[in-house]
Visitor: 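Encoded as structure tokens, here's the structure I'll be asking about.
Numbered from 1 within each chain, the chains take letters A, B, ... in sequence-line order. In this text the structure is predicted, and so the values were computed from the model without any measurement. Because only heavy atoms are used, hydrogens play no part in the values below, and waters and symmetry mates are left out as well, while side chains stay in.
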Amino acid sequence: MVRKLGLSFYERGTLEVARDLLGRTLCRRVPGGAVLRGRILEAEAYDGPEDRASHASRGPTARNAPMFEAGGIAYVYLVYGVHHCLNVVTGPRGYPAAVLLRGAESPDGAASAVGPGRLTRAFRVDRGLDGASLLGPHLWLEEGEPVPDRIVRRTPRIGVDYAGAWARKRYRFMVVG
DNA sequence: GGTGCGATTGCA
DNA sequence: GCAATCGCACCA
């Protein structure tokens with residue numbers, strides 16, 4: 001029996017959720033009814049208003065509004081005018097935090113979809129899902145198979161060199177192998 | 001109303 | 001090494 005992760009999974013500290021996302025099953029019901037599934041392999045935490053790498057570091061805007069909502073919804077945005085990025089919003093309402101999903105197994109089980117843009121393409125996620133509930137019919141997570149610490153690696157985040165000391169924090173979690 | 005650029009990727 | 005491509009943050 002597969003279990004959909006509930007609100008209590010998301011309403012925790014961002015770093016804790018990021019680590020715990022590894023091994024969980026990302027599920028996406030596409031138009032037509034088919035469900036795409038794949039285990040999450042890589043995730044990055046963006047934690048609070050002080051985090052200079054976070055879109056929320058300059059206060060609430062139209063784009064980052066979902067980050068300020070309570071955990072359990074998606075935050076989807078377009079980077080470089082080309083790729084969509086999928087985030088899992090975490091923590092309580094008013095505290096801007098989210099986890100960027102950077103890699104997962106491909107739904108077809110073949111190769112892995114590593115890279116935030118590749119992941120959203122593989123799971124057909126776009127801005128139509130911005131703000132969508134992660135307990136709803138279009139996008140959700142299932143329990144999956146938790147990953148032991150010995151195959152988890154922590155590194156600084158990718159592509160945020162502009163963020164000073166925040167760029168060096170080890171907020172990226174990935175499954176090795 | 002104008003401008004500069006990004007939580008990336010793929011190809012030369 | 002660099003183009004693609006556009007929403008949005010910020011300034012006027």
Visitor: Please give the nucleotide sitting opposite B:dA7 as a Watson-Crick or G-U wobble pair, both distances under 3.5 Å, or none.
Guide: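 Pairing partner, where one exists within any strand: none, as none qualifies.
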Visitor: Centroid-to-centroid, A:Tyr77 to A:His84, below 6.0 Å?
Guide: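 Ring centroids of A:Tyr77 and A:His84 are no less than 6.0 Å from each other.
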Visitor: Among B:dA7, C:dG7, C:dA9, which nucleotide sits nearest the side chain of A:Ala62?
Guide: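 That would be C:dA9.
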Visitor: In the single-linkage hydrophobic clustering (I, L, V, M, F, W, Y; side-chain heavy atoms under 4.5 Å), do A:Tyr10 and A:Leu100 co-cluster?
Guide: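 Different hydrophobic clusters.
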Visitor: Would you call A:Tyr46 stacked on B:dA7, i.e. ring centres under 5.5 Å apart with the planes less than 30° off parallel?
Guide: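 One would call A:Tyr46 stacked on the B:dA7 base.
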Visitor: Would you indicate which nucleotide in B:dT9, C:dG7, C:dA9 comes nearest to any side-chain atom of A:Arg58?
Guide: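 Per side-chain heavy atoms of A:Arg58, the pick is C:dA9.
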Visitor: Within this structure, what is the NE2-to-C1' distance between A:His83 and B:dG10, rounded to whole angstrom?
Guide: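 It is 8 Å, rounded to the nearest whole Å.
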Visitor: When you get a sec, tell me which of C:dA4, B:dT9, B:dA7 is the closest nucleotide to the side chain of A:Arg118?
Guide: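 Nearest listed nucleotide: B:dT9.
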Visitor: Closest to the A:Thr61 side chain: C:dA9, B:dA7, B:dG10?
Guide: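 Closest of the options to the side chain of A:Thr61: C:dA9.
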Visitor: If you measure from the P atom in B:dG2 to the same atom in C:dT5, how many Å do you get, rounded?
Guide: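 To the nearest whole Å, 23 Å.
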Visitor: Tell me the interatomic distance from A:Ile158, atom CD1, to B:dG6, atom P, rounded to whole angstroms.
Guide: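 Between P of B:dG6 and CD1 of A:Ile158: 16 Å.
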Visitor: For the side chain of A:Val160, starting at C-beta, report the closest nucleotide among C:dA4, C:dC6, B:dA7.
Guide: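 Nearest to the side chain of A:Val160 among the choices is B:dA7.
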Visitor: Rounded to whole angstroms, how far apart are OH on A:Tyr80 and P on C:dC6?
Guide: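 Nearest whole value for this atom pair: 16 Å.
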Visitor: Could you check how far CE of A:Met67 sits from P of C:dC8, rounded to whole Å?
Guide: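 From A:Met67 CE to C:dC8 P: 15 Å.
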Visitor: Rounded to whole angstroms, how far apart are CG on A:Leu86 and P on B:dT9?
Guide: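 The answer, rounded to whole Å, is 13 Å.
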Visitor: Measure from the side chain of A:His55, starting at C-beta and using heavy atoms only, and say which of C:dA9, B:dG10, B:dA7 lies closest.
Guide: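 It is B:dA7.
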Visitor: Nearest whole angstrom, please: distance from the P of B:dG6 to the CG of A:Asp161.
Guide: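 It is 11 Å, rounded to the nearest whole Å.
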Visitor: With A:Glu142, which of A:Arg37, A:Arg39, A:Lys4 fulfils salt bridge (Lys or Arg N to Asp or Glu O under 4.0 Å)?
Guide: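 Going through the options one by one, the only one that passes is A:Arg37.
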Visitor: Which one is paired to C:dT5, where only Watson-Crick or G-U wobble pairs with both distances under 3.5 angstrom count?
Guide: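 Partner of C:dT5: none.
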Visitor: Rounded to the nearest 0.5 Å, how far apart are OG of A:Ser54 and CG of A:Asp47?
Guide: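 Here the interatomic distance stands at 8.5 Å.
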Visitor: Take atom NZ of A:Lys169 and atom P of B:dA7, then tell me their distance rounded to the nearest Å.
Guide: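 So the two atoms are 18 Å apart, to the nearest Å.
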Visitor: Using heavy atoms to find the nearest nucleotide of DNA chain B for A:Tyr162 and A:Arg121 separately, return the residue whose nucleotide is more 5′.
Guide: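 Taking each residue's closest nucleotide, the earlier one in sequence belongs to A:Tyr162.
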Visitor: Could you tell me the separation between the CG atom of A:Leu21 and the CZ atom of A:Phe173, rounded to the nearest 0.5 Å?
Guide: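 One gets 10.0 Å once the value is rounded to the nearest 0.5 Å.
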Visitor: Nearest whole angstrom, please: distance from the P of B:dA7 to the NE2 of A:His84.
Guide: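 Distance check: A:His84 NE2 to B:dA7 P gives 15 Å.
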Visitor: Check every atom of B:dT8, C:dG7, C:dA9 against the side chain of A:Arg63 and return the nucleotide holding the closest atom.
Guide: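 Selected nucleotide: C:dA9.
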